[in-house]
Each structure stands twice: as structure tokens, then as C-alpha cells.
Amino acid sequence: MISSAAIWAALGAVGMALGTVPPLWGLANDPERRTHYLVLAGVTGVAAVAYTLMAFDIGTITASGRVVSIPRYVDWLITTPLILLFLAMLGRTGRGSLVRLVVADIALLLLGGVAVVISGPIRWAAFAAGVACFGLLAYELYVTIPRKATFSTERTRILFVTLRNLTIALWTLYPVAWLLAPSGIGLLSRDMAMLVVAYLDLISKAAFVALAVDGMDALADGDTGAVAVDPDESTPAAD
Ligand code: RET
């Protein structure tokens, strides 16, 4: 029998595939901002593949009595850095900032993955360390980047703030879902957890990508999205 987790995953795959259409359209029609569209197409495109695998229950392993979906974590490891790269491209805050974001991001995902598969109190320590990494990531997005950013236009700054707020608000819900799901205290069933996470993924990816594509004309002409080498620290504040 097809589990409802498989149905939610299949719906997630369709949603992500549809979410890839706007950046592909941009890629074909706006070659100036190719890099931006490629990054955005990667966000939903990779997730569409991961959800297809999950719908067929491919890559699911059981460890310490808990079910872990490898495609989900691989998807997150690829696409969350792409989301952060896009935000860093908007602010043009330099490589240092991007590296801090991506290191914190990968660390929190690995710690979360480890916390699912190990048992005993150490797993809660791994979870707490993951949450601490998330705190660092949020600090970078809320405080450091707005302070250092050199937005190409005022509309780019507004686009950054909108996407940044959407990202922080939604990403905060992931550790909550993790805690409630069978990975944590198990208040939610596996099917329910799949529904909740698929829903969170869809908004944090497909809605992010749709808003980003919609706001792309805010970027100044000639803004090709290269992540600059760290700009001068004395650049005036832009937050
Ligand atoms: C875990 C558990 C460990 C602590 C924290 C977590 C946060 C995960 C996040 C995931 C975001 C995923 C996204 C996917 C998009 O499709 C690993 C659940 C903090 C923030 C945005």
C-alpha cells in the first residue's frame, strides 16, 4: 500500500518541479542574470529529484530504530548553501560572509543528521550544537550582512530583507519539526512529519525562488552576481 508519506513526497516533487519553471524561464529570457537564475533553479531542481527519490522510498535507512531519509539530508546539504549563496549575492558582502554562512549551515545539518542516528544523551548535545550553529547563521544574516552589504539598488535591499526574513522565519521551524518528529520526541508520526517538512520545504524553496525571480529586475543592470572579495569594512551601513 502507498503510505501517505509517499504521497506527500510525490506532491513535494511536483511542487518543486513547478517551482523550477520560473528560474528556467528567467535563464532563457534574461541572460544578464544567468548566475542568479542558475542558483535558483538549483534550489528547487535538486529538491524535485530528492522528493522523487523519497516518493519511491529510495535511500531510506533505519538507524537506532529511527528512519532517516538520505535524499532529504543530501538535498538540504546542496540546496540550503545555494539559498545562502543567493542572499550573499544580493548583499555582495564578500567571501568571508558566505563561508561563515555555509560552514554554520553544513555544521548544523550534519549535527542534526548525526543526532538522528545516534542514541543516548549525546544526541541531544548534537542537536543543541546544531541549534547553536543556527544561531550563528541567523546572526550573520540579521546583523553582519546588513551592516557590510553594498546593495546595488534600494529595491535589491528590500528584496534581500524580504527573502532573509522569510528564510529565518521558516528555518526556525525545522528544529521544532525535528523535535516533534520521530527523530526527536516522536509526538508526530512519520507520515505527519513528512507532510510538515514537505510543506516547510515547499515554502522555503519554491516561495523563496518565486519571490526572488519576481524581484530580479530590482538588480542593477550589469549586476552579474559575483560574490566579491570582502569589501572595505568602513563601507557605510545599509540596514
Ligand atoms: C536540524 C536539527 C539540528 C538543529 C537544526 C536543524 C535545522 C535545520 C534546518 C533545515 C533547513 C532546511 C531547508 C530545506 C529546504 O528545503 C538539522 C533539523 C537547527 C534549518 C531550508
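First listed ligand is number 1; within each ligand, the first listed atom is number 1. On a predicted model such as this, the values are computed, not experimentally measured, just so you know.
- Side chains of Met16 and Thr52 form no contact here, defined as non-hydrogen atoms less than 4.5 Å apart.
- Taking hydrophobic clusters as Ile, Leu, Val, Met, Phe, Trp and Tyr residues chained together by side-chain heavy-atom distances below 4.5 Å, Met194 does not share a cluster with Val49.
- Just one residue in the list Ile83, Asp214, Thr20, Val43 forms a side chain to side chain contact (heavy atoms under 4.5 Å, CB included) with Val209, and that residue is Val43.
- The protein non-hydrogen atom at the shortest distance from atom 18 (C) of ligand 1 is Trp178 CD1, 3.5 Å.
- Close contacts of ligand 1 with Gly112, meaning ligand atoms under 4.0 Å from a residue heavy atom, involve 2 (C), 3 (C), 17 (C).
- The part of Thr80 lying near ligand 1 is the side chain, judged by heavy-atom distances below 4.0 Å.
- Linking ILVMFWY side-chain heavy atoms closer than 4.5 Å, directly or via other members, places Leu200 and Leu18 in two distinct hydrophobic clusters.
- Checked against a 3.5 angstrom limit, the closest N/O atoms of Asp201 and ligand 1 fall inside it.
- When non-hydrogen atoms are compared, ligand 1 lies under 4.0 Å from the side chain of Trp76 (C-beta onward) but not from its backbone.
- Atoms of ligand 1 found under 4.0 Å from any heavy atom of Ser204, numbered from 1 in the order shown, are 15 (C), 21 (C).
- Contact check for Arg100 versus Thr144: side-chain heavy atoms found under the 4.5 Å cut-off.
- Around the CD1 atom of Ile203, the shell of radius 6.0 Å holds more than 12 heavy atoms that belong to other residues, nucleotides or ligands.
- Within 6.0 Å of CH2 on Trp124 lie more than 12 heavy atoms contributed by other residues, nucleotides or ligands.
- At least one N or O atom of Lys205 sits closer than 3.5 Å to an N or O atom of ligand 1.
- Of all protein heavy atoms, the one closest to atom 6 (C) of ligand 1 is Leu108 CD1, 3.7 Å.
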>> Working note: Ser97 + Lys148, criterion side-chain hydrogen bond (donor to acceptor under 3.5 Å, both in side chains); need CA distance, chi angles, decisive distance, verdict.
In response: CA-CA 9 Å; Ser97 202; Lys148 293 205 314 184; 5.0 Å; no
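- Remark: minimum distance from atom 21 (C) of ligand 1 to any protein heavy atom is reached at Trp171 NE1, 3.0 Å.
- Using a non-hydrogen distance threshold of 4.0 Å, Ala47 does not register as a contact of ligand 1.
- Between Thr79 and ligand 1 there is no heavy-atom distance shorter than 4.0 Å.
- Here the protein heavy atom with the shortest distance to atom 9 (C) of ligand 1 is Tyr174 CB, 3.5 Å.
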